[in-house]
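Predicted model, so just to flag it, every value in this text is computed and none were measured. Protein chains get the first letters and strands the later ones, always in sequence-line order, with residue 1 at the start of each.
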Protein chains: 2
Amino acid sequence: MAENLRSDARRNREKILAAASELFAREGAGLCMDDLARRAGVGHATVFRRFPNKEELILAMFEDRLADVAELVEEAAGSEDAWEGIVAAMTAIAERQARDRGLMEAVGTEVFGSPRLRAARERVIAPMGELLARAQAAGQVRDDLAPTDVFFLITAAGHASPCHFDIPDLWRRYLGVILDGMRPSGASSLSPPAPTLAEFEAAIGNPAAASSA
Amino acid sequence: MAENLRSDARRNREKILAAASELFAREGAGLCMDDLARRAGVGHATVFRRFPNKEELILAMFEDRLADVAELVEEAAGSEDAWEGIVAAMTAIAERQARDRGLMEAVGTEVFGSPRLRAARERVIAPMGELLARAQAAGQVRDDLAPTDVFFLITAAGHASPCHFDIPDLWRRYLGVILDGMRPSGASSLSPPAPTLAEFEAAIGNPAAASSA
DNA sequence: TCGCAAACGGACCGCACTGTCCGCTTACCG
DNA sequence: CGGTAAGCGGACAGTGCGGTCCGTTTGCGA
C-alpha cells in the first residue's frame, strides 16, 4: 500500500489519512472532500491522487473501523464469563459509536453488508459468534440470537436516542433494555429468523437500496 | 390553510400535498423539490409558491406523520390490557416505519425534539404515557421507563437492521428482543435517567447538532 | 549539481439542487 | 364577454460538491 512513494508523497498520505479519520469520526460518510483536504493541509487534488474517488476513501475508513471493532471483540472473547464478555464487547463498541459517527455508520448499516467489506466483516463476526455460542451453551443468552443480531442490537441502542451525539451516555439506557431482552428468561419467540450473511449481501445489492448521502 | 385559493391553485395544492407525502415516504427528508414538482405534475416554482422553502415542507410532512402516529397510539390506548396496547402501538408504528422513510425520520430522530413540532409531539406522547402508566401499575412493564423511551425503542428496532427497507419484517425480530427487555422480570437498573423533553429540546438546539442531509 | 519524473495544487468543469424572476395563462367577477 | 389579478412554469441565478487538468514545484538518483 505504501509502495514506493516519494518522501513528500508519503508524508501527505499520512496527513490525509489522519485528517480523513478525524473527519470521518465527526461527520461520517457524508464528509466533504474539500474540508478533508483543508484539514490535511494539502490541495484538493492531492486527496484524489491518493484515493481515486470518495467512495474508495469511505470504504477504506469503514474497513479501518471494522478492524478496530474486531480487536475489541477479540479482546472481549477472551473473558472467562461469556456473558460478561458480550456485555463488555457491546458496551465498548457502543461507547466508540457514541464518539464516532463513522463507526456508527459502519456497524449495522447498509455498508456492513457490502461485498467489498466481506473480509473485515467476517473478522468481526467470528469472535462474536464464538462468544455468543459459549454464552448460549451456558444458558446466559437466549438461543434464538445469531452473531449478526448482536451487532444490529448495538446499532439499535445507538440509534435509539435522537440526540446521540448531544446527550452522551444516553445510549447506555437503551443498551440496558436490549441486554435484558437478550437473556433467556422470559424470552418470547422471535418471528423472522436471522438472515444469513448471503441474504444480507443480496439485499444490499438490491436496486431498491439506492442510498443517497 | 386552504384560504381563498383559486380553483386551479387549490387543485395544484392537493396534487403537491399528495406527491410530497408519497415522495417523503420513499425518500424521507432528503427528497428533491424538482422530483416532487414533476411527480405532482406542476412547475417547480408552483411548489415554492405553496411552501416558502424546503424546510417548511418537510416540517409539514413531519407534522402530518406525527398526527398519524398520535392516532395509532390513541387507538391502542383504548385496549383493555395495557401491555397488549403497548405492543400493538409499538408494532403498528414500526410497521409503518418499515414502509415510510419519512416516518422513520420523524419518530425518534432529531426532528422529534424540534420546538416547531412540540404540539404534535405532545399529542403523540400523552396517550403513550397513559398507557405506559397503566402497564407499569399492573406490573407488566419495568418501572424505569418513560413515555419517550418507548418511542426511542421503536426507532431502535427500526434502525437495527441494515436493510430495513429491503428485508421487510426484519424489524419484528429486534422489536421482539426489545419488548422482552421492557418487562419487569430480570430488569437490571438503567444508568442514565430518561431526559425530560426540555432537555431534548436543549440538546437539539445545540450547535453541535449541525445535521446535514 | 543537474535533469527529470513524480508529485503538487489552484483553477476549472459538470452536475444536482434550492430558490427567484418575469412574461404568459387562466379563473373569476361584474 | 371582457378586464384583471391570481396563478403558472420555464428560464435563470447561486451554491456546494465531486472529480479533472495542467503549469509549477520538488525530491532523488545519476
Side-chain angles (χ1 to χ4, degrees), chain A residues 1-24 26-62 101-102 105 111 116 210-213, chain B residues 1-24 26-62 101-102 105 111 116 210-213:
Chain A
M1 254 239 173
E3 281 152 52
N4 340 358
L5 290 174
R6 235 168 62 176
S7 65
D8 54 346
R10 178 152 37 244
R11 216 178 316 126
N12 278 341
R13 189 178 159 275
E14 293 312 315
K15 286 197 285 182
I16 290 169
L17 247 32
S21 187
E22 201 179 326
L23 210 60
F24 186 66
R26 188 138 45 82
E27 317 236 339
L31 62 79
C32 161
M33 299 297 271
D34 245 337
D35 293 348
L36 169 54
R38 211 169 306 121
R39 174 172 296 265
V42 303
H44 173 119
T46 300
V47 176
F48 283 97
R49 202 167 305 108
R50 220 39 65 195
F51 295 93
N53 52 49
K54 186 178 175 178
E55 196 187 335
E56 217 62 28
L57 177 130
I58 296 299
L59 274 172
M61 290 293 109
F62 278 138
R101 212 166 212 128
E105 293 169 6
V111 293
R116 254 296 289 274
S211 77
S212 56
Chain B
M1 258 250 170
E3 282 152 52
N4 341 358
L5 290 174
R6 233 168 63 175
S7 64
D8 54 345
R10 179 150 40 242
R11 217 178 314 127
N12 278 341
R13 189 177 158 276
E14 293 311 315
K15 286 198 285 183
I16 290 169
L17 247 33
S21 186
E22 202 179 326
L23 210 61
F24 186 65
R26 187 139 44 82
E27 316 237 340
L31 62 79
C32 161
M33 300 297 270
D34 245 337
D35 292 348
L36 169 54
R38 211 169 306 120
R39 172 172 299 264
V42 303
H44 171 121
T46 301
V47 176
F48 282 97
R49 201 167 306 108
R50 219 40 63 196
F51 296 94
N53 53 49
K54 185 177 175 179
E55 196 186 335
E56 217 63 29
L57 177 130
I58 296 298
L59 274 172
M61 291 293 109
F62 277 138
R101 211 165 211 130
E105 293 170 7
V111 293
R116 255 295 288 274
S211 77
S212 56

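Both B:Asp35 and B:Asp8 sit near DNA chain C, but only B:Asp35 has its closest nucleotide nearer the 5' end. Nearer the 5' end of DNA chain C, as judged by each residue's closest nucleotide, is the contact made by B:Cys32, out of B:Arg6 and B:Cys32.
OP1 or OP2 of D:dC8 sits under 4.0 Å from a side-chain N or O of B:Asn12. Distances shorter than 4.0 Å separate none of the side-chain N or O atoms of B:Ser7 from OP1 or OP2 on C:dA27. Taking 4.0 angstrom as the limit, B:Arg10 places none of its side-chain polar atoms (N or O) nearer than this to OP1 or OP2 of D:dG7.
Between B:Phe62 and B:Ala29, the closest heavy-atom pair is CZ-CB, 4.3 Å.
Computed from coordinates, the B:Leu5 CG to C:dT26 P distance equals 18 Å when rounded to whole Å. A:Glu27 places its CD atom 11 Å from the P atom of D:dG18, with the value rounded to the nearest Å. Distance B:Leu31 CG to C:dG19 C1': 15 Å, rounded to the nearest Å. Here D:dG19 presents its P atom at 8 Å from NZ of A:Lys54, a figure rounded to the nearest Å. Taking atom CG of B:Asn53 as the reference point, atom P of C:dT20 lies 8 Å away to the nearest angstrom. When the P atom of D:dC17 is taken as reference, atom CD of A:Glu55 falls 19 Å away, rounded to whole Å. The nearest whole Å value for the distance from the CZ atom in A:Phe48 to the C1' atom in C:dG14 is 13 Å. When the P atom of C:dC28 is taken as reference, atom CZ of B:Arg11 falls 8 Å away, rounded to whole Å.
Residue B:Glu55 qualifies as open at atom CD: its count of foreign heavy atoms under 6.0 Å is 12 or below.
The residue A:Leu57 sits apart from the nucleic acid: no heavy atom pair falls under 4.0 Å. When heavy atoms are screened at a 4.0 angstrom cut-off, B:Asp34 is found touching base atoms of the nucleic acid. Nucleic acid contact class of A:Leu36 (heavy atoms, under 4.0 Å, all strands): none. No contact: B:Arg38 has no heavy atom under 4.0 Å from any strand.
Between the side chain of B:His44 and the base of C:dG19, at least one donor-acceptor pair of N or O atoms lies under 3.5 Å. A donor-acceptor contact under 3.5 Å is not formed by the side chain of A:Arg49 with the base of C:dA7.
Of the residues B:Leu5, B:Leu57, B:Leu17, the one that meets the side-chain contact (heavy atoms from CB on, under 4.5 Å) test with B:Arg50 is B:Leu5.
With a 4.5 Å cut-off on side-chain heavy atoms, B:Glu14 and B:Ile16 do not count as touching. For the pair B:Glu56/B:Asn53, a side-chain contact is recorded, criterion being any heavy-atom separation below 4.5 Å from C-beta on.
Taking 4.0 Å as the cut-off between side-chain N and carboxylate O, A:Arg11 and A:Asp8 do not count as a salt-bridged pair.
When distances are taken from the side chain of A:Ala45 to each of C:dA7, C:dG19, C:dG10, the shortest belongs to C:dG10. The B:Arg50 side chain lies nearest to D:dC8 when the options are C:dC8, D:dC8, D:dG9.
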